[in-house]
Each structure stands twice: as structure tokens, then as C-alpha cells.
Enquirer: 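Before we start, here is the structure in question, set down as C-alpha cells.
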Amino acid sequence: MGIEQTPNLEESYARKELIEMALKSLKPKEERVLRLRFFNGMTLEEVATELGLSSGERARQVQELALRKIRLGHELPEGVSKLLEQLER
């Protein structure tokens, strides 16, 4: 049985900065969808209503596109997408 390590303050700050950089690399609507979904805990239907999108399905499409851009390192500084990938594990 191993001891689970908690991230130190420096690691937590670095992760927060990486996430902010990734979000800022997206189009405003994509960034807003991810913030509402993952930071505000809204459902796709709630996000659609908040942003005036036609449906929760449309919000899901925007969310998937934004996540794909982040995973592929779209307009991110070199190495950031790899670090974000590690955070998802």
C-alpha cells in the first residue's frame, strides 16, 4: 500500500497556470463553455441557455471541439499540451 502524494503548492500553481494558458488559447465561446461546464459545474443544457446556443447538443459540440484543440496543443506554447495530458490521468 503506497502513500498517495498530494501536489505541493508550487505544482498546484503550475497546473492552474497551464490550464489558464490552455483556456486562453481558445476562442471566447469555447473558453466560456469549458469554464461553465468544468468550473461552474453546469449541465450542457444550462450552458446552452446561458450562452444562447440552440441546444445542449450544440454546447456539447463546442465543448468537444475545445477539448480536442487543447489535447492537440492548438496554439499552445510548446510542451503545455503534454503537461495538460498528464494532468488528465
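Quick caveat: nothing in here was measured; it's all calculated off a predicted structure. All residue numbers refer to positions in the sequence shown, counting from 1.
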Enquirer: Tell me the closest heavy-atom pair linking E30 and A66, and the distance in Å.
Expert: CB-CB, 3.7 Å
Enquirer: Would you please test R32 and E50 for side chain to side chain contact (heavy atoms under 4.5 Å, CB included) and show each step?
Expert: CA-CA 10 Å; R32 188 82 174 120; E50 177 76 18; 3.8 Å; yes
Enquirer: First locate atom CG of L18, then atom CD1 of I70, and finally report the distance between them rounded to the nearest 0.5 Å.
Expert: 11.5 Å
Enquirer: Who else is in the cluster with V62 when I, L, V, M, F, W and Y are joined by side-chain contacts under 4.5 Å?
Expert: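 Answer for V62: V33, L36, M42, V47, L51, L53.
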Enquirer: When clusters are formed by joining ILVMFWY residues with side-chain heavy atoms under 4.5 Å apart, either directly or through shared neighbours, do L44 and L67 land in the same one?
Expert: no
Enquirer: Only counting residues at least two apart or in another chain, list the ones meeting salt bridge (Lys or Arg N to Asp or Glu O under 4.0 Å) with E20.
Expert: R35
Enquirer: Quick test of your reading of the model: are R60 and E57 salt-bridged, counting only N-O distances below 4.0 Å?
Expert: yes
Enquirer: Do L9 and Y13 sit in the same hydrophobic cluster, where Ile, Leu, Val, Met, Phe, Trp and Tyr count as joined when their side-chain heavy atoms come under 4.5 Å apart?
Expert: no
Enquirer: Considering non-hydrogen atoms only, spot the tightest contact between A48 and S55 and give its length.
Expert: CB-O, 3.2 Å
Enquirer: Rounded to the nearest 0.5 Å, what separates atom OG1 in T43 from atom CD in E46?
Expert: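 The distance works out to 3.5 Å.
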Enquirer: Starting at CD of E31, measure out to NZ of K69 and round the result to the nearest 0.5 Å.
Expert: 11.5 Å
Enquirer: Would F38 and L23 satisfy side chain to side chain contact (heavy atoms under 4.5 Å, CB included), going step by step from the backbone distance to the final call?
Expert: CA-CA 12 Å; F38 299 110; L23 289 171; over 6 Å; no
